[in-house]
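We name chains A, B, ... by the order of the sequence lines, and we start the count at 1 in each one.
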Number of protein chains: 2
Amino acid sequence: MSDAADALIEHCREAGQRITGPRRIIANVVVKSDDHPDVSEIYRRVTAIDPGISLSTVYRTLKIFAATGLVERHSFAGGRVRIEPASEVHHDHLIDIASGAVIEFRSDEIERLQALVARELGFELTGHRLVLYGRPLVRTLRRARKP
Amino acid sequence: MSDAADALIEHCREAGQRITGPRRIIANVVVKSDDHPDVSEIYRRVTAIDPGISLSTVYRTLKIFAATGLVERHSFAGGRVRIEPASEVHHDHLIDIASGAVIEFRSDEIERLQALVARELGFELTGHRLVLYGRPLVRTLRRARKP
DNA sequence: CTATTTAATGAGAATCGTTTGCAAATGCAT
DNA sequence: ATGCATTTGCAAACGATTCTCATTAAATAG
């Protein structure tokens, strides 16, 4: 239905994959997930639409989508794998340790330094993984200044 | 036996832990592991010294050492947990995608930027996890220039 | 040095997320 | 519609890690 889901499906067809009911549904669920859900959450959302779809199919389909570069699978902090639709622009993640929320960010400066560091060590940087963990800054209430 | 292992053991005692045979051996194996082995590799090394030590004990002991801050447990690229003795200086890792080797590095500049980025997003940086993946630079053989 | 107390161990079962084997169902080209 | 390869659902298998619990060993008191 969704534009992006159609694109995802189209990519699959081009990759020689059959377009099946489950795959359509999973594609739709994934593209409208902007909250980095884990697989069981995806499964929950998928079965809310079609209760007949099995967990294996969700896993298998996500793997195919990932292989085609259509979704990304992150494994933050030793936990379970979390899913996000692939986006044009690369970004890294900051985890709010208070709420567990995942915030996306991007820093060209950091990227540049990474490549530099790798080169200094004698490597060509082929990828990286940066996750920041942080606690929300308490917006310090402006205290009335004593004159 | 080793200086560092003694320190590790001493920390444990101070933390109210009993100093047992298995713990001594595991401590020794860990401190002389500069290659970021995974748990089963640690187990292999430990049982090479005392075949009676169980895998559960290795896991339990590593967890205790980690809790005391004496060893660090990393989970690179969706794989198994890998162990390293805690070091004074913080560092990040670069994985050689050709060999799987783990290289340690440190960049104050990157650290600084991370804190900055976090602050801009409204967070106080409490931790981070940076892993670079790279392919060894082929040291381009200086080709004889045709004059 | 031995007895007492209490924590640590070994062996295996249990758990968790993920993957796999297989028979039945389905997509798609004809 | 027909045939056939691909997908599916189910359940069993899996690998890493954790747990259970009876047994053993460390620290402590006597």
Discussion item. Using a heavy-atom cut-off of 4.0 Å across all strands, would you classify B:Arg23 as base, sugar-phosphate, or nothing?
Written reply: sugar-phosphate
Discussion item. What is the separation between atom CG on B:Asp50 and atom C1' on C:dA8, rounded to the nearest whole Å?
Written reply: 14 Å
Worksheet entry | pair A:Asp92-A:Leu94: side-chain heavy atoms closer than 4.5 Å | no
Practice prompt. Could you check whether the rings of A:His36 and A:His74 sit parallel, tilted or perpendicular, using 30° and 60° as the cut-offs?
Written response: tilted
Fill in: Given C:dT9, C:dT20, C:dT18, the nucleotide with the shortest approach to the side chain of A:Lys63
C:dT20
Item to complete: Go through the N and O atoms of the side chain of A:Arg60 and the base of C:dT19, and report whether any donor-acceptor pair is under 3.5 Å.
Response: no
Practice prompt. Say whether, by atom type as modelled, one donor and one acceptor occur between the side chain of B:Thr68 and the main chain of B:Leu70 under 3.5 angstrom.
Written response: no
Worksheet item: How long is the line joining CD1 of A:Ile83 and C1' of C:dG17, in whole Å?
Response: 12 Å
Worksheet item: Which of these nucleotides, D:dT18, C:dG10, C:dG17, is closest to any side-chain atom of B:Tyr59?
Response: D:dT18
Item to complete: For A:Ser56, answer base if it contacts any base atom (sugar-phosphate contacts may also be present), sugar-phosphate if it contacts only those atoms, and nothing otherwise; contact means non-hydrogen atoms under 4.0 Å.
Response: base
Worksheet, complete the sentence: Rounded to whole Å, CD1 of A:Ile64 lies from C1' of C:dT18 at a distance of 15 Å
Response to the item:
Looking only at C:dC28, C:dT9, D:dA16, the nucleotide nearest the A:Ile19 side chain is C:dC28
Worksheet item: So what does A:Ile53 touch, heavy atoms closer than 4.0 Å: a base, only the sugar-phosphate, or nothing?
Response: sugar-phosphate
Worksheet entry | Nearest to side-chain heavy atoms of A:Ser54, which nucleotide of C:dG10, D:dG9, C:dA7 | D:dG9
Worksheet, complete the sentence: 5'-most contact on DNA chain D (nearest-nucleotide basis), B:Arg73 vs B:Gly21, goes to B:Arg73
Worksheet item: Between B:Gln17 (CD) and C:dA7 (P), how many Å, whole number?
Response: 10 Å
Worksheet entry | Separation of atom CG in A:Leu55 from atom C1' in D:dG9, rounded to whole Å | 11 Å
Response to the item:
Rounded to whole Å, the CG-P distance (B:Asp38 to D:dT17) equals 8 Å
Practice prompt. Please examine the side chains of A:His11 and A:Phe65, heavy atoms only from C-beta on, and report whether any two atoms are closer than 4.5 Å.
Written response: no
Worksheet, complete the sentence: Per atom distances to the A:Arg80 side chain, the nearest of C:dG10, C:dT18, D:dT8 is C:dT18
